[in-house]
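Counting starts at 1 for both ligands and their atoms, following the listed order. Since the model is a prediction, treat every value here as computed from it, not as a measurement.
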Amino acid sequence: MNYISTRNKNILKSPSQAIIQGISEDGGLFVPEEMPILKESIDQLMGKGYKDLAFTIMKYFFTDFKEEELRNCIDLAYNNKFDSEEIVPIVQRDGAFFLELFHGPTLAFKDMALSILPHLINTALKKLSIDKKILILTATSGDTGKAALEGFSDVDNIKIMVFYPQDGVSQIQKLQMLTHQGDNTSVVGINGNFDDAQNGVKNLFNDNNLKKELSDNNILLSSANSINIGRLVPQIVYYFYGYLNLLENKEIKSGEKINVVVPTGNFGNILAAYYAKSMGLPINKLICASNENNVLTDFFNTGTYDIQRDFKMTSSPSMDILISSNLERLIFEISDREDGLTKELVNDLQVRKKYKISPEMGEKLRDFYGDFAHENQVEKSIAQLFKTSAYLIDTHTSVAYSVYKDYKESTGDKSKTLIASTASPFKFGASVGKALGIKDIKDDFEMLEVLARMSNSDIPENIKDLKGKRIIHKNICQKHEMKSMVEKFIGSGV
Ligand SMILES: *Cc1c(COP(=O)(O)O)cnc(C)c1O
C-alpha cells in the first residue's frame, strides 16, 4: 500500500518513504492510498496483549515492513519504559472508561507514538539503504517535545531539534525539556505561541534553500509531529485495545458501538480514532473536546473553520492551538478524497484565515460531535471526580470529561464511553492542585507532594527527578530566527 498527499494524489510514496519524509513535498499530509479495512473480526482480536494487537493493526499500514522488522520496532517501544505492564490501563469511574494513555516515560499520551517512531524511521532508513543523517524538526505545545527528545535521544544518525512556545508550557513541561541530556538534541524557546512554532517548522520544511544546505551536509529533514503518518498509526492501536478490553470484561456485547471522547488540539489523536472506525471498530460518536480555544467546536457546529479569534492560554496548554494540522486529513476524506478541493480550503485558511465546507461535506461529519469546556468547568470537574470517585485527572482529561458529562446530559445517549486520558495529573500538578483548592504552596514540587498524599499515590519518578536537575538548553529566539537556529545547530557539528 502506498501513501498519497492530501493536496496531490499523484504524489505516491511507500510507507517507509512517507515515514522518513514526514510531510509531502507539496506541503500536504500523507494518507493511505486506500483506507485499510480490518480482515479479522473484532472478536478474533480478543485476548491479544498490547504488542500483539499493535502488530495486527500496524501491519495494515506499514506494508513494506517485514513481520520481524515491525515486531522488533514494537518490542523496542512498548517495554519497561512504561510503568504499567498492560501499557494502557483502563479505569472505570462515574460511568465512563478512562483510557490511561500516560504511562510512558514522559507521562503524556505522546509517548504512545513517539516511543516507536524513532524505530520506524531507523528501520525505514535501512530498508531504503539511505545513509544520510536525519534532522527531526518538531514544534511542541509542551508534550510532544519531551516525548520526542526521549524517543530520539542518542539514536544513531538522528539529531532532533524542538521548538516550544516560551511562555506557553507548564513549569514541569519546560523543565522536562530544558534539562534533557543527549548530544544530538537541541531545545529552543520561541517568542510566540504553538501555532507560530508549528507554522515556523512547516515553513522550514518548504524552504528549498535550507533543504539544499542540509543535503550538502548529507542531512535529511523529518518530522516527529502528528503530521507524520508514522506517529498517527500507532495511535489507532489503543482505541482497538480499549474496545477489546470492554468486550473481554463483558461491559459491551460483540458488535456494540461505543463513544470515544478525545481532548483535542492538533487533531491527531481523534483522527486516529476516526481511522480506527474506518477500519471497522464499532464506534458511534467521536466526541471532539476542546478547551476555550474552541475553533473545532465551531467547525463541527457550523461547517466554518475560522481562526480569527484570540489565542487563549489555558490550564490545558497542550491543547492551546488554533490551527489543527490533522484536520486536513479529515477534510480530504469528507470531500471524497478531492485533493484539489483540500488544497483550496487549506489555502483559504492561509490567505483568508478561514474556510467553509459544503453541506455535503458537513453531512459526512455526522459521526463527530464537538463541544468545549470553560476553564472553570475544567477545574470543577477535577474537584468533583476526585470527591465522588477518588480519581485524580489532569486538566486535559478534564476537558474531555467535562464535555462528556454535558453530552450525556443533553443527548441522553447511553452508549458506553471511552475517554482518552492524555496526561498524568502530576504533569500538570499546579493546575490540578489549584482545582482542588490547595493553597499556600511554595512551588510546583511541593504541590506534587501534597497531591501524592491526598490521592494516596506516588509522584512518578521521572517528575520527581526533575528537581535540582541542571538546565542545559537555554536558547531563545524570535519567530523569524528559527532557520538560523537550525543552521547553527547543524554547523555546531554535533
Ligand atoms: C497533545 C495533547 C493533546 C492533544 O492531542 P492532539 O493529537 O494534538 O489533538 C491533549 N492532551 C495532552 C496531554 C496532549 O499532550
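- Scanning all protein heavy atoms for the shortest distance to atom 10 (C) of ligand 1 gives Pro263 O, 3.5 Å.
- A parallel orientation is assigned to the rings of Tyr305 and Tyr355, their planes being inclined by less than 30° (bins at 30° and 60°).
- Ring geometry, Phe300 versus Phe368: the interplanar angle falls under 30°, so the pair is classed parallel (tilted spans 30 to 60°).
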Just do the side-chain contact (heavy atoms from CB on, under 4.5 Å) check on His180 and Gln176 with the steps written out, would you? CA-CA 6 Å; His180 190 89; Gln176 278 185 319; over 6 Å; no
Under 3.5 Å, sequence neighbours excluded: what are the donor-acceptor pairs made by side chains of residues 84-92?
| from | atom 1 | to | atom 2 | distance (Å) |
| --- | --- | --- | --- | --- |
| Ser84 | OG | Glu86 | N | 3.4 |
| Ser84 | OG | Glu86 | OE2 | 3.3 |

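- Checking His396, Lys110, Met319, Lys427 against atom 14 (C) of ligand 1, the nearest heavy atom belongs to Lys110.
- Between Ser141 and ligand 1, no N or O atom pair is found at a separation short of 3.5 Å.
- Where the criterion is an N or O separation shorter than 3.5 Å, residue side chain and backbone included, Gly268 meets it with respect to ligand 1.
- For atom 7 (O) of ligand 1, the nearest non-hydrogen atom of the protein is Asn269 N, 2.9 Å.
- In terms of protein heavy-atom proximity, atom 11 (N) of ligand 1 is closest to Thr422 OG1, 2.8 Å.
- For Lys364, the side-chain hydrogen bond (donor to acceptor under 3.5 Å, both in side chains) partners are Asp336, not counting sequence neighbours.
- Not one N or O of Ala423 is nearer than 3.5 Å to an N or O of ligand 1, by distance alone.
- Contacts with ligand 1 closer than 4.0 Å are made by side-chain heavy atoms of Phe109 only, the backbone lying farther away.
- The 12-atom threshold is exceeded at CD of Gln308, counting heavy atoms of other residues, nucleotides or ligands nearer than 6.0 Å.
- Ring-plane geometry between Phe65 and Phe62 is classed as tilted, the angle between the planes lying from 30 to 60 degrees on a 0 to 90 degree scale.
- Taking every non-hydrogen atom of Thr264 and a distance limit under 4.0 Å, the qualifying atoms of ligand 1 come out as 9 (O).
- Here the protein heavy atom with the shortest distance to atom 15 (O) of ligand 1 is Asp143 OD2, 2.4 Å.
- For the ligand labelled ligand 1, residue Ser226 lies outside the 4.0 Å heavy-atom shell.
- By the 3.5 Å distance cut-off applied to N or O atoms, Asn266 is counted among the residues near ligand 1.
- The side-chain tip of Arg337 does not point at the ring of Phe332 from less than 6.0 angstrom away and within 45° of straight on.
- Checking only distances, Gly265 does come within under 3.5 Å of ligand 1, N or O to N or O.
- The ring of Phe102 has its center no closer than 6.0 angstrom to the ring center of Phe109.
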